[in-house]
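Since the structure comes first, as structure tokens, the remarks are kept for the end.
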Amino acid sequence: MALAGVSVVAALTATAPSMANAVSSSPSSSGTRHSVTRTQTTESASTAPNLRITAANGVTYQYRRFGHPSAGSVPLVFFQHFRGTLDSWDPKLIDTIAAKREVILVDNVGVGGSTGITPSTVQQMALDAIDFIDALKLPRYDVFGFSLGGEVAQEVALRRPWQVRRVVLAATGPQGGVDQRASDPHILQRTLKDNPGPEDYLFLFFKNTASSQAAGGEFLQRLGERTTDHDAPSSLAARDHQLTAWSEWGIPDKSKFVRLNALFQPTLVADGESDILMPAKNSRLLAKYLPDAQLHIYPDAGHGFLYQYAVKFGTEVNAFLDR
């Protein structure tokens, strides 16, 4: 679970998102141009255009696709955290990974610039993600899931084992895990604010140490690197539906762990040692029950460890995917 990054972006850039500027190509042209070929681009996380494609479920998805695919590599599809949009990804992390492969960032149904109503279950979110991937006609791909997106990534890998090659799970946990349903009123109040700000992001994503908070401040500044073509903010309705999905996923139930035995793909599991939103004990459970997993817990870090250690973790992700 995590909070929205759009309010943070707005506070840092004072640039209002514009759906009129978000569409860089028609659904038909974006689907054709980007699904048939994999070409190296000079775009970055801060400059890649917003693209749109309409899937068989009738939803028009907003996404960004760029990077430097190498021989033998497959696209890496990213699934975002609670309330997060395309603009919530750390440019330094994404660009580190995109230097070695093609990356695809997407707003799932009802989030940001994508149409439709956000579902209230992780399972339906995964089916919606698969519809998007099918629209792009990707025969083989890797998945990267952060927080709520990590739950979606698990379901996609379980449902499409013949397509998903490798999996990266960041600051997430298994269905039925432990302490996944935040009950601390202070955490919930900051997480569910209608308009969360930078101070909320620092509290929830970064450990309360000088070094982690400083890294958080640097991350927030990087979110301001994108100055045009912003994504639309995540709605309060999407927030509430995602919260329902997250809460249902987190109902303690050890019997659900057996499902992880079927997720046979090589998996990188990582978290910060002081994650207050998705305690690292859940990453340890994933590593215990997944057949082929490697675990890395980052020190002096919280839920946003992947942004605190953007280059280090991005390099680790590339090394794992290139094995």
Side-chain angles (χ1 to χ4, degrees), residues 1-2 35 53 55-57 59 61-65 73-82 84-86 89 97 101-112 114 116 118-177 180 238 241-242 245-246 248-250 256-270 278 282-283 286-287 289-293 306 317 320-321:
M1 182 178 181
S35 64
I53 190 169
N57 60 0
V59 171
Y61 294 82
Q62 183 151 283
Y63 68 104
R64 295 172 187 157
R65 185 173 185 176
S73 71
V74 300
L76 177 61
V77 183
F78 286 74
F79 302 123
Q80 185 58 286
H81 63 66
F82 173 72
T85 68
L86 300 177
W89 291 109
I97 297 173
R101 65 197 66 256
E102 185 178 31
V103 300
I104 301 173
L105 317 179
V106 61
D107 284 332
N108 212 339
V109 174
V111 176
S114 293
T118 303
S120 297
T121 67
V122 170
Q123 290 75 17
Q124 185 58 51
M125 291 176 186
L127 293 174
D128 291 338
I130 288 171
D131 281 333
F132 164 73
I133 292 167
D134 285 349
L136 291 183
K137 305 185 188 306
L138 300 181
R140 191 80 163 148
Y141 50 91
D142 298 325
V143 293
F144 181 119
F146 174 27
S147 193
L148 175 62
E151 299 168 4
V152 175
Q154 291 173 57
E155 289 295 310
V156 172
L158 285 167
R159 293 166 186 268
R160 287 294 178 92
W162 65 92
Q163 289 184 323
V164 176
R165 189 188 67 107
R166 288 177 182 263
V167 181
V168 179
L169 300 176
T172 191
Q175 185 175 13
Q180 294 186 29
H241 289 187
Q242 287 182 336
W246 167 68
E248 189 274 337
W249 181 271
K256 299 291 187 182
F257 296 171
V258 69
R259 301 177 74 246
L260 296 173
N261 293 328
L263 203 163
F264 59 80
Q265 297 94 330
T267 304
L268 173 62
V269 181
M278 182 63 73
N282 288 287
S283 288
L286 285 169
Y289 286 96
L290 288 168
D292 186 3
L306 65 172
V317 168
F320 168 74
L321 296 177

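These numbers come from a predicted model, not from an experiment. Along the sequence shown, the residues carry numbers beginning at 1.
- For Asp134, the salt bridge (charged side-chain N to carboxylate O under 4.0 Å, His left out) partners at least two apart in sequence or on another chain are Arg160.
- Side-chain contact between Arg65 and Glu102 is present, with heavy atoms from C-beta onward closer than 4.5 Å.
- Annotation: side-chain contact (heavy atoms from CB on, under 4.5 Å) contacts of Tyr289 (sequence neighbours excluded): Phe257, Leu260, Leu285.
- No side-chain donor-acceptor contact under 3.5 Å links Asp292 and Gln265.
- For the atom pair NZ (Lys256) and CH2 (Trp249), the distance works out to 9.0 Å, reported to the nearest 0.5 Å.
- The aromatic rings of Trp89 and Phe78 stand perpendicular to each other, their planes meeting at an angle above 60°, with 30° marking the opposite boundary.
- You'll find the side chain of Ser283 stays beyond 4.5 Å of the side chain of Thr172, heavy atoms only.
- Ser73 contributes no side-chain N or O that, together with a main-chain N or O of Arg101, makes up a donor-acceptor pair within less than 3.5 Å.
- Of the inter-residue distances, the one linking Leu286 atom CG with Leu263 atom CG reads 9.0 Å to the nearest 0.5 angstrom.
- Residues Arg140 and Pro75 are not in side-chain contact: their nearest non-hydrogen atoms beyond the backbone lie 4.5 Å or more apart.
- Annotation: the span from Asn108 atom CG to Tyr63 atom OH amounts to 14.5 Å, rounded to 0.5 Å.
- At a threshold of 4.5 Å between non-hydrogen side-chain atoms, the residues Val156 and Val164 count as touching.
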Side-chain donor-acceptor contacts of residues 119-130 below 3.5 Å, not counting sequence neighbours, with atom names and distances?
unit_1	atom_1	unit_2	atom_2	d
Thr121	OG1	Gln124	N	3.1
Gln124	NE2	Asp128	OD1	3.0

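- Listed by chain and residue number, nothing satisfies the side-chain contact (heavy atoms from CB on, under 4.5 Å) test with Pro291 (two or more places apart in sequence, or in another chain).
- Partners of Glu155 under the side chain to side chain donor-acceptor pair (under 3.5 Å) rule, at least two apart in sequence or in another chain, are Arg159, Arg259.
- If you take CD on Gln175 and CD on Glu248, they are separated by 5.5 Å, rounding to the nearest 0.5 Å.
- Here the side chains of Val143 and Val152 are not in contact, with every heavy-atom distance at 4.5 Å or above.
- At a threshold of 4.5 Å between non-hydrogen side-chain atoms, the residues Pro266 and Phe320 count as touching.
- When every heavy atom of Gln180 is checked against every heavy atom of Trp246, the shortest pair comes out as O-CZ2, 2.5 Å.
- Between Phe132 and Tyr61, the ring-plane angle classifies as tilted under the 30° and 60° cut-offs.
- Residues Phe79 and Val106 meet the side-chain proximity criterion, which asks for heavy atoms closer than 4.5 Å.
- Taking both residues in full, the closest heavy atoms of Ala287 and Ala293 are given as CA-CB, 4.0 Å, listed atom of the first, atom of the second, then distance.
- Considering only heavy atoms from C-beta on, Leu169 comes within 4.5 Å of Thr267 through its side chain.
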### Task
Begin with the C-alpha distance, continue with both residues' side-chain angles, and end with the deciding distance and a verdict on side-chain contact (heavy atoms from CB on, under 4.5 Å) for Val168 and Val269.
CA-CA 6 Å; Val168 179; Val269 181; over 6 Å; no
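- Summarising the geometry, atom CG belonging to Leu76 is positioned 6.0 Å from atom CG belonging to Leu321; distances are rounded to the nearest 0.5 Å.
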### side-chain contact (heavy atoms from CB on, under 4.5 Å) between Leu136 and Ile133, intermediate numbers included
CA-CA 5 Å; Leu136 291 183; Ile133 292 167; 5.8 Å; no
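- To the nearest 0.5 Å, atom CG of residue Leu105 and atom CD of residue Gln80 are 8.5 Å apart.
- At distances below 3.5 Å, at least one donor-acceptor pair connects side-chain atoms of Thr118 with backbone N or O atoms of Gly110.
- For Arg165, the salt bridge (charged side-chain N to carboxylate O under 4.0 Å, His left out) partners at least two apart in sequence or on another chain are Asp142.
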